[in-house]
Every structure is written in structure tokens, then in C-alpha cells.
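We name chains A, B, ... by the order of the sequence lines, and we start the count at 1 in each one. The analysis underlying the following values was restricted to heavy atoms, covering all of them including side chains, and did not include hydrogens, waters or symmetry mates.
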There are 2 protein chains.
Amino acid sequence: MKEQTSPDSPLADLCRQRGLKLTGQRRTIAFVLSDSDDHPDVEELYRRAVAVDSRISIATVYRTVRLFEENGILQRRDFGGGRARYEVADGDHGDHYHLIDADSGKVIEFENAELDALLDTIVQQMGYGLVTTRLSVVGRKKAKTRGGN
Amino acid sequence: MKEQTSPDSPLADLCRQRGLKLTGQRRTIAFVLSDSDDHPDVEELYRRAVAVDSRISIATVYRTVRLFEENGILQRRDFGGGRARYEVADGDHGDHYHLIDADSGKVIEFENAELDALLDTIVQQMGYGLVTTRLSVVGRKKAKTRGGN
DNA sequence: TTGTATAATGCGAAAGATTATCAATTGCAA
DNA sequence: TTGCAATTGATAATCTTTCGCATTATACAA
Ligand SMILES: [Mn+2]
Ligand SMILES: [Mn+2]
Ligand SMILES: [Zn+2]
Ligand SMILES: [Zn+2]
């Protein structure tokens, strides 16, 4: 008789690899995260998790998100607005950056090797080793056609 | 008979130029800000302001800091830690960036024209005009000498 | 499988930063 | 100097996140 409420997911496996106890709630939150390709805040994660398994409290989402971040499974982002937002940590490949549409708030990801290198060089020249880069740019869509949307 | 508690300052002049009513509290906060070359949070600004003129409440510091930011006089910074930090807005010259020492928390400013240009180019190529750059890097001091401090 | 030690959860309270409320005060234009 | 809208101080409210603690579930050994 199966009782498992949420399927396993890549993040659930990561959980095990880190030796974290895999509770039903964590499995559900891991599933929701694996299934997301945006940058939800805790409130939004909670909504998505409850839709999968209603036996979850927001306190556990807060706790799990923190645990996952401490274990390198999640990355916390700050796009302003006063609440933390989360996404699955980049694997091996380089970090990515975020462009926020000033009008819509939409978040657009981008990678740029030159930027990676330049930041590293700058920090090196200042006598430091680069630990973390916190970068997001806010932009406004250029009107390509007159009277454009 | 003079009653003016705080001297005028570059920021106080800016206040007038923007048509903002120049109250005693604002003059004091403007003076404190002009006098600072670091990145104080509101609590710290409050301390410094009270040292100059005790007739100031923290609510007014919050209000003033917000007003100044909305008027381009101040820039709000987020170095993590949950509280906003402030500094006088860069005048004409380009923005600067911040390197945070991972161990001491010390904030080191730097400018880099190549970085300015690269960010602008990247955003342009994505079809946007650059509005704001939010960038800070965390670094750890390289040991230059063995056994170094 | 069953039992147990331990870690995790749910719920509400607490904390910490910032904003809102509102009566009293003040800057400033007339 | 007056008048009045804008600002202030004190404090309550709000918002996000963390804590405390009794209850429950997981991992693991018997
Ligand atoms: Mn933030
Ligand atoms: Mn912050
Ligand atoms: Zn992203
Ligand atoms: Zn600075």
C-alpha cells in the first residue's frame, strides 16, 4: 500500500546525498522546487507545496528553504521587494545573473563569461578571492517600433 | 540670537534645490550624511543625528532617508543583514560598486569603467536600457605571506 | 516487522525592520 | 506676524522571518 504523497525528484536525491532526513514535507518541497523554473518566494512555494500535499505549514517551508540553502541545494536571491526568493542552485556550470524588467517585474536570466571573468579579475586585483557575486540589473524595454507596446 | 542647531551642508542645499521644506531635523540628518563616508543603516544614522541634535526621533530618520532616496539625494544599499544602508548618491561621475570582506564585513568601494560598459552592453543586447545596477561582491582576503594574518 | 531515539513538524508567539496613524508643532509664503 | 499645509514624535500596526514547545514521524537497530 503506497502512501507517498509526492514523487521523488532530483532535489530529493540531493537531500539524501547530504544525509538529510527525507520527510514527506521535504520531499514535497523538493518536488515543487524541481518543478519550478522561476524564482518563487516562500509564500509562493508554500502555495505550490500545499497544492501537492496539504499537510505542510509555512514554518516548515521557511525551515526547509533555509536548510536547503545551507546545504548548497538552493540559492537565495534578493530582487528587492523585501522578501527572499529561491531557485535551485546552479550545478557545475557557471552562475547566472538576472535582469529585472522595470515595468513588469519580470525576471530574465542571462549568463556572460566575460562578466564572470571581469568580476573575478577585479576582485583578485584588490587582493581578494571572489566568494559570492550578488548582481542584478534593472532595465527598461527599448521601444523597437514607434508607438510600440 | 541664533538657534540653528546644525550647520548647513551640501545635502541641505540639495534639499532646497528640490523644493523640500528644510526642517531642523532634515538639516541635521543632511549634515550627518554629508559628514559620513561609510554606509550607515538607519539605526546608526539615528545615533549620529541624536549626537548633533537630540530632538530627533527614529521615525523621522526613516522618513527622511526615504524622502532623500526618492529625490535622488541618497542611495539605498543592500549588503545583506536585513537592514538597508545609505550613502550620498554619486553625483555626475559613474556609480561605484562594493566589495564586502567575507570575514570582517568591511565594505570596500571600487569603480571600474570596463564593468560599467560591459553591463550596459549586455543589457542593450537583451533589448533593454539599463536603469539600475545592483552589484556587490563578497571576497576573502588572499594570504600574501605564509602564515599571514 | 516492531520499538526507540532523535529529528522534524505545526501552530502560535516573538523578533526585527519599516511604515502608518494622528494630535501637536513648525517652516514658510503671504 | 499670521495661517496653514507639511512635518514631527510617539506609538501602533504591518510584514517577513525565526523561535519555542508539545506532538509526530523518520531512520535504524533489534
Ligand atoms: Mn531585500
Ligand atoms: Mn536586505
Ligand atoms: Zn535565476
Ligand atoms: Zn558606497
For [Y], does its backbone N or O pair with a side-chain atom of [X] as donor and acceptor, under 3.5 Å?
{"X": "B:Arg26", "Y": "B:Lys21", "answer": "yes"}
{"X": "B:Thr133", "Y": "B:Leu135", "answer": "no"}
{"X": "A:Lys142", "Y": "B:Gln124", "answer": "yes"}

For the side chain of [X], counting heavy atoms from C-beta on, which of [options] is nearest?
{"X": "A:Ala84", "options": "D:dT17, C:dC11, D:dG9", "value": "D:dT17"}
{"X": "A:Arg66", "options": "D:dC19, D:dG9, D:dT17", "value": "D:dC19"}
{"X": "B:Thr23", "options": "D:dT7, D:dG9, D:dA27", "value": "D:dT7"}
{"X": "B:Tyr62", "options": "C:dA17, D:dT8, D:dA27", "value": "C:dA17"}
{"X": "A:Lys21", "options": "D:dT18, C:dT6, C:dT18", "value": "C:dT6"}

Atom-to-atom span, [atom1] of [X] to [atom2] of [N] - whole angstrom:
{"X": "A:Asn71", "N": "C:dA7", "atom1": "CG", "atom2": "P", "result": "15 Å"}
{"X": "B:Asp41", "N": "C:dA17", "atom1": "CG", "atom2": "P", "result": "8 Å"}
{"X": "B:Arg85", "N": "C:dT18", "atom1": "CZ", "atom2": "P", "result": "12 Å"}
{"X": "A:Arg16", "N": "D:dA27", "atom1": "CZ", "atom2": "P", "result": "8 Å"}
{"X": "A:Arg83", "N": "C:dA17", "atom1": "CZ", "atom2": "P", "result": "19 Å"}
{"X": "A:Glu70", "N": "C:dA8", "atom1": "CD", "atom2": "C1'", "result": "15 Å"}
{"X": "B:Tyr46", "N": "C:dA17", "atom1": "OH", "atom2": "C1'", "result": "16 Å"}
{"X": "B:Leu67", "N": "C:dT18", "atom1": "CG", "atom2": "P", "result": "17 Å"}

Under 4.0 Å between a side-chain N/O of [X] and OP1 or OP2 of [N], yes or no?
{"X": "A:Gln25", "N": "D:dT26", "answer": "no"}
{"X": "A:Thr60", "N": "C:dG10", "answer": "yes"}
{"X": "B:Arg26", "N": "D:dT7", "answer": "yes"}

Quick one: the side chain of B:Arg63 and the base of D:dG9, do they pair up donor-acceptor inside 3.5 Å?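 Side chain to base: pair present.
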Within 6.0 Å of CD in A:Glu114, more than 12 heavy atoms from elsewhere: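 12 or below, so no.
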Please work out if A:Ile58 contacts a base, only the sugar-phosphate, or nothing of the nucleic acid, heavy-atom cut-off 4.0 Å. nothing
What does B:Leu22 touch in the nucleic acid at a heavy-atom separation under 4.0 angstrom: a base, only the sugar-phosphate, or nothing?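 Sugar-phosphate contact only - B:Leu22 comes under 4.0 Å of backbone atoms but never of a base.
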Relative to the 5' end of DNA chain C, which residue comes earlier, B:Glu43 or B:Leu20, by the nucleotide with the nearest heavy atom? B:Glu43
For the residue pair B:His39 and B:His98, categorise the inter-ring angle as parallel (less than 30°), tilted (30 to 60°) or perpendicular (more than 60°).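 Judged by the thresholds at 30° and 60°, the geometry between B:His39 and B:His98 is perpendicular.
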